[in-house]
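In what follows, a structure is listed as structure tokens, so that the remarks can point back to it.
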Amino acid sequence: MLRHENGANKRLCDKWSTYFPSYERYLSKYRGCDVNILELGVQSGGSQEMWLEYFGDSSHAYGADVDNRILTFNSQRIHNFVGDIGNASFLMDLCQKIPRIDVVLDDASHIPWHQILAFEVLFPC
């Protein structure tokens, strides 16, 4: 597992190093673009900082988590929402609040039916 603290923010980013080749393979086409990434499961917010650095200055990170501490991570390019991804209404609300969703990264509950629901609701967005 890679543990990285992002600059002065000291937000921890936990990612298995085996994830990075897949991220690069599927997401590199968005680098330097005006991309909006939605991360389901924000935890300590470090990965949102990582994504902004990876995608570049035109990117925006959105997040959803049940822990309302994620609201303290909000900034000009980070926008978080508190709610349950097992709730279809909450997911539909995300589609209304986020101007355009280009990438969804689901690292939330890891419950299969939550993942299926999130895909079914968010993919059309």
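Computed from heavy atoms alone, side chains included, the values below leave out hydrogens, waters and symmetry copies. Quantities reported herein were computed from a predicted structural model and do not represent experimental measurements.
The CG atom of D107 sits 7.5 Å away from atom OG of S47, with the distance rounded to the nearest 0.5 Å. Between the CH2 atom in W51 and the CD1 atom in I37 there is a gap of 5.0 Å [rounded to 0.5 Å]. Rounding to the nearest 0.5 Å gives a distance of 13.5 Å between CZ of R31 and OG of S58. Note that CG of L117 is 8.0 Å distant from CG of N87, once rounded to the nearest 0.5 Å. Considering CD of E49 and CD1 of I78, their distance stands at 4.0 Å, rounded to 0.5 Å. Considering OG of S44 and CD1 of I70, their distance stands at 11.5 Å, rounded to 0.5 Å.
By the 6.0 Å contact criterion, CZ on R100 is enclosed, its count of non-hydrogen atoms from other residues, nucleotides or ligands being greater than 12.
Hydrophobic clustering places I111 together with L122 (ILVMFWY residues linked when any side-chain heavy atoms are closer than 4.5 Å, directly or through intermediates). By the rule that hydrophobic residues join a cluster once side-chain heavy atoms approach within less than 4.5 Å of another member, L105 and F55 end up as members of one cluster. A single hydrophobic cluster is seen to contain both I101 and L91, as judged by linkage of ILVMFWY side chains at heavy-atom distances under 4.5 Å, directly or through other members. Note: the hydrophobic cluster containing V104 also contains W113 (ILVMFWY, side chain heavy atoms under 4.5 Å, direct or indirect links). Tracing side-chain contacts under 4.5 Å through hydrophobic residues (I, L, V, M, F, W, Y), one reaches I98 starting from F90; they form part of the same cluster.
Between the D34 side chain and the S59 main chain, no donor and acceptor come within less than 3.5 Å of each other. Remark: the backbone N or O of A108 is paired with a side-chain donor or acceptor of H110 at under 3.5 angstrom. Looking at D65, its side chain never comes within 3.5 Å of a backbone N or O of G41 through a donor-acceptor pair.
At a cut-off of 3.5 Å, with distance as the only test, a side-chain donor of Q48 or N80 sits close to an acceptor on the other residue. If you check the side chains of Y54 and E24, you find a donor sitting under 3.5 Å from an acceptor.
Proximity of V82 to V66: side-chain heavy atoms (C-beta onward) are nowhere separated by under 4.5 Å. Side-chain contact between D84 and H114 is present, with heavy atoms from C-beta onward closer than 4.5 Å.
Ring planes of Y62 and F81: parallel class, angle under 30° (limits at 30 and 60°).
Heavy atoms only, all atoms of each residue included: I85 and A64 are closest at CG2-CB, 4.4 Å. Taking each heavy atom of A118 and D106 in turn, the nearest pair found is CB-OD2, 4.2 Å. Shown here for P99 and N36, the closest heavy-atom pair between the two residues is CG-ND2, 4.3 Å.
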